[in-house]
Amino acid sequence: MAAFATEPEMMETCRDLGWWPGTDGWEIEWREGPYATEVADLLIERVREPGFPGPLVGPLAPVTPLCARLDVMGVSFDLRAIDPLGLDRMRARPGVWRLSEALDPARRTGSRQPWEELLGG
């Protein structure tokens, strides 16, 4: 989860995000939100060790939009996206799961505020 700290949209766009220990690693599952391929790509890109020449994350099986099985520093992770929408579609669609952006007091524009859009005001 620390790899997602700089990507709040990854977790904010998910509904029913859950993780638990599996038989040989960790299981992570979510509804809507990103495709499993998008999450796997982010993990491969972000989990690095200074001075280590290669990635610390690699696929254990073919990665699909609905599931990915990864080895993260010797621990297996099963990623499952249930009814994913993808990050591009989620970024283009306002909704209550993007409430943190809508309630940002530092964000001022001459147009309607995002919270006005959400509440229909």
Side-chain angles (χ1 to χ4, degrees):
M1 293 304 167
F4 301 131
T6 59
E7 294 287 332
E9 282 188 339
M10 278 291 208
M11 294 177 65
E12 286 180 6
T13 59
C14 297
R15 293 187 183 194
D16 302 326
L17 173 65
W19 61 93
W20 59 92
T23 55
D24 63 344
W26 284 90
E27 310 279 332
I28 302 175
E29 184 177 278
W30 62 91
R31 291 189 181 284
E32 297 185 357
Y35 292 109
T37 51
E38 294 171 322
V39 175
D41 289 344
L42 180 75
L43 285 171
I44 290 168
E45 174 189 324
R46 294 287 166 89
V47 179
R48 301 258 180 209
E49 178 68 33
F52 190 77
L56 298 173
V57 179
L60 292 172
V63 177
T64 70
L66 299 179
C67 63
R69 185 167 174 82
L70 303 174
D71 177 282
V72 181
M73 298 171 39
V75 178
S76 71
F77 283 82
D78 288 323
L79 309 175
R80 280 189 296 280
I82 301 169
D83 300 327
L85 300 173
L87 285 178
D88 290 339
R89 186 171 169 197
M90 296 303 295
R91 287 180 181 133
R93 187 175 118 181
V96 292
W97 50 87
R98 297 186 41 98
L99 199 55
S100 64
E101 178 185 327
L103 298 177
D104 182 4
R107 188 170 188 249
R108 297 282 181 231
T109 63
S111 61
R112 292 177 60 177
Q113 296 293 316
W115 58 268
E116 293 173 315
E117 295 288 335
L118 286 172
L119 299 176

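Each of I82 and V39 belongs to its own hydrophobic cluster when Ile, Leu, Val, Met, Phe, Trp and Tyr are linked at side-chain heavy-atom distances under 4.5 angstrom. No continuous path of hydrophobic side-chain contacts links V75 to L60 [ILVMFWY only; heavy atoms under 4.5 Å]. Transitive grouping of hydrophobic side chains (ILVMFWY, heavy atoms separated by less than 4.5 Å) brings L70 and F52 into a common cluster.
Nearest heavy atom pair, residue A36 against residue C67, reads CB-N, 3.6 Å. Across P84 and P34, no two heavy atoms sit closer than the pair CB-O, 3.6 Å. Pairing each heavy atom of P65 with each of A81, the nearest pair is O-CB, 3.9 Å.
With contacts defined as side-chain heavy-atom distances shorter than 4.5 Å, the pair W26/P21 qualifies. Looking only at side-chain heavy atoms (C-beta outward), L43 and L79 come within less than 4.5 Å of each other.
Identified under the salt bridge (Lys or Arg N to Asp or Glu O under 4.0 Å) test for residues 51-77, with sequence neighbours left out: D24-R69, R69-D78. For residues 50-67, the set of pairs meeting the salt bridge (Lys or Arg N to Asp or Glu O under 4.0 Å) definition, not counting sequence neighbours, is empty.
Annotation: the span from T37 atom OG1 to L66 atom CG amounts to 9.0 Å, rounded to 0.5 Å. Note: L85 CG to Y35 OH = 7.0 Å, rounded to the nearest 0.5 Å. Once rounded to the nearest 0.5 Å, the distance linking CG of L17 with CD of E29 reads 9.5 Å.
The salt bridge (charged side-chain N to carboxylate O under 4.0 Å, His left out) test applied to E38 returns no partner, not counting sequence neighbours. In this structure, D83 has no salt bridge (charged side-chain N to carboxylate O under 4.0 Å, His left out) partners at least two apart in sequence or on a different chain. Applying the salt bridge (charged side-chain N to carboxylate O under 4.0 Å, His left out) criterion to E27, with sequence neighbours excluded, gives R80.
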